[in-house]
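Let me begin by presenting the structure, written as structure tokens, before commenting on it.
A, B, ... follow the sequence lines: proteins, then strands. Residue 1 opens every chain.
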Number of protein chains: 2
Amino acid sequence: MHYPLTPDCTGGVCPVETTLNLISGKWKGIILYRLLSGKKRFGELKKIIPAITFRTLTLQLRQMEQDGIVERTVYAEVPPRVEYALTDLGKSMKPIIQSMCDWGTNYQKRVDQTGNPASN
Amino acid sequence: MHYPLTPDCTGGVCPVETTLNLISGKWKGIILYRLLSGKKRFGELKKIIPAITFRTLTLQLRQMEQDGIVERTVYAEVPPRVEYALTDLGKSMKPIIQSMCDWGTNYQKRVDQTGNPASN
DNA sequence: CCGAATCCATGATGATACTG
DNA sequence: CAGTATCATCATGGATTCGG
């Protein structure tokens, strides 16, 4: 079911703000997207998101872990292995990522075909 | 139509990144959400998004204008009036905001009822 | 008055070197 | 391999000032 986008939610906390508070980091959407296809090791994530730095990847993953979106598993091996997976809460965000994927795909198509992103 | 979330888009540019590049600012999602119900004056936006500062609201709106998401109209009046409205491209992002609104609403319900955001 | 520009403070993110 | 430490840069917050 869809909840009304309008009239604006002025009574309580805005649900869009609630969502953005959890995923508005510069990279959290991408991390979420990449983990939707299954758990990944730290190095794997870094490899498929080359533009992020080690430091920021670590920080964003830790925040997502604190927010209950990501689960972190450390294996006592040599060399060390750390795997990140989405929790059920994280997986429940799939529709958000899906809509971003759809929009971005259409946007890229328009830019490729017409040279500008006009939506008509 | 939905585009595949997996296998990961490794060949070209990631559509999720494309989308996030346009709306990953800390407040752009909220601004987009608030403008979905119709054009707003600068002061109106500030009033319904109290936590944002004048400076940041200005900057984010200008970026969204450059990206073709928002249209800015200045009226030569006293006192001055500046209105912001979504372009067609901006309106086409409605499904993204809708999915965030849905998710945030469900999240708030679970927190209100159970005290924690577990997704079951 | 309203919208915005300016100046400075703080927080988030980037780059590089280094460690258990 | 998976980080941590340190410093640099960029994004955002706060207060004040300005033009119309």
Side-chain angles (χ1 to χ4, degrees), chain A residues 13-14 16-35 38-67 69-86, chain B residues 13-14 16-35 38-67 69-86:
Chain A
V13 178
C14 172
V16 177
E17 285 193 44
T18 297
T19 303
L20 285 174
N21 281 340
L22 297 181
I23 59 167
S24 73
K26 184 173 178 181
W27 300 99
K28 286 180 185 173
I30 306 288
I31 294 170
L32 198 48
Y33 167 61
R34 295 302 187 172
L35 287 179
K39 63 183 176 188
K40 301 267 183 304
R41 299 180 58 162
F42 183 87
E44 284 183 277
L45 281 171
K46 174 71 177 96
K47 190 176 299 180
I48 59 182
I49 313 175
I52 200 173
T53 60
F54 288 101
R55 169 188 159 77
T56 302
L57 180 55
T58 301
L59 291 175
Q60 306 252 309
L61 282 168
R62 296 295 164 84
Q63 286 175 23
M64 295 170 79
E65 188 190 4
Q66 280 198 328
D67 290 334
I69 295 170
V70 157
E71 191 182 30
R72 179 173 182 263
T73 308
V74 182
Y75 296 89
E77 301 175 358
V78 175
R81 181 162 60 107
V82 180
E83 283 183 347
Y84 294 90
L86 292 184
Chain B
V13 178
C14 172
V16 177
E17 285 194 44
T18 297
T19 302
L20 284 174
N21 281 339
L22 296 181
I23 58 166
S24 74
K26 185 173 177 180
W27 299 98
K28 285 180 184 173
I30 306 287
I31 294 170
L32 198 48
Y33 166 61
R34 294 302 186 170
L35 288 179
K39 63 183 177 187
K40 302 266 184 304
R41 299 182 56 165
F42 183 87
E44 285 184 277
L45 281 171
K46 174 70 178 99
K47 190 176 299 181
I48 58 181
I49 313 175
I52 199 173
T53 62
F54 288 101
R55 168 186 160 79
T56 302
L57 181 55
T58 301
L59 290 175
Q60 305 252 309
L61 282 168
R62 293 295 164 83
Q63 286 175 23
M64 295 171 78
E65 189 189 3
Q66 280 198 326
D67 291 333
I69 295 170
V70 156
E71 191 181 31
R72 179 173 182 264
T73 309
V74 182
Y75 295 89
E77 301 175 359
V78 176
R81 181 161 62 107
V82 181
E83 283 184 347
Y84 294 90
L86 292 183

Worksheet item: When the distance from CD1 of A:Ile52 to C1' of D:dA2 is rounded to whole Å, what number comes out?
Response: 14 Å
Worksheet item: OP1, OP2 of C:dA12 versus side-chain N and O of A:Gln60: anything below 4.0 Å?
Response: no
Item to complete: Measure from the side chain of A:Arg41, starting at C-beta and using heavy atoms only, and say which of D:dC1, C:dT13, C:dC2 lies closest.
Response: D:dC1
Worksheet item: A:Leu57 has an atom CG; how far is it from atom P of C:dT13, in whole Å?
Response: 12 Å
Worksheet entry | Phosphate OP1/OP2 of C:dA5: any B:Arg55 side-chain N/O under 4.0 Å | no
Response to the item:
From CZ of B:Phe54 across to P of D:dA11 the rounded distance in Å is 22 Å
Worksheet item: Atom CD of B:Glu77 and atom P of C:dC1: how far apart are they, to the nearest Å?
Response: 16 Å
Worksheet item: Does OP1 or OP2 of D:dG13 have a side-chain N or O of B:Lys26 closer than 4.0 Å?
Response: yes
Item to complete: Only one of A:Arg62, A:Arg55, A:Gln60 passes side chain to side chain contact (heavy atoms under 4.5 Å, CB included) with A:Thr58; say which it is.
Response: A:Arg62
Discussion item. Does D:dG13 have its OP1 or OP2 closer than 4.0 Å to a side-chain nitrogen or oxygen of B:Trp27?
Written reply: yes
Discussion item. I want to verify a distance call: between D:dG3, C:dG14, C:dG3, whose nearest atom is closest to the A:Arg72 side chain?
Written reply: D:dG3
Practice prompt. Report the nucleotide, chosen from D:dG3, D:dT12, D:dC1, that has the shortest atom-to-atom distance to any side-chain atom of A:Phe42.
Written response: D:dG3
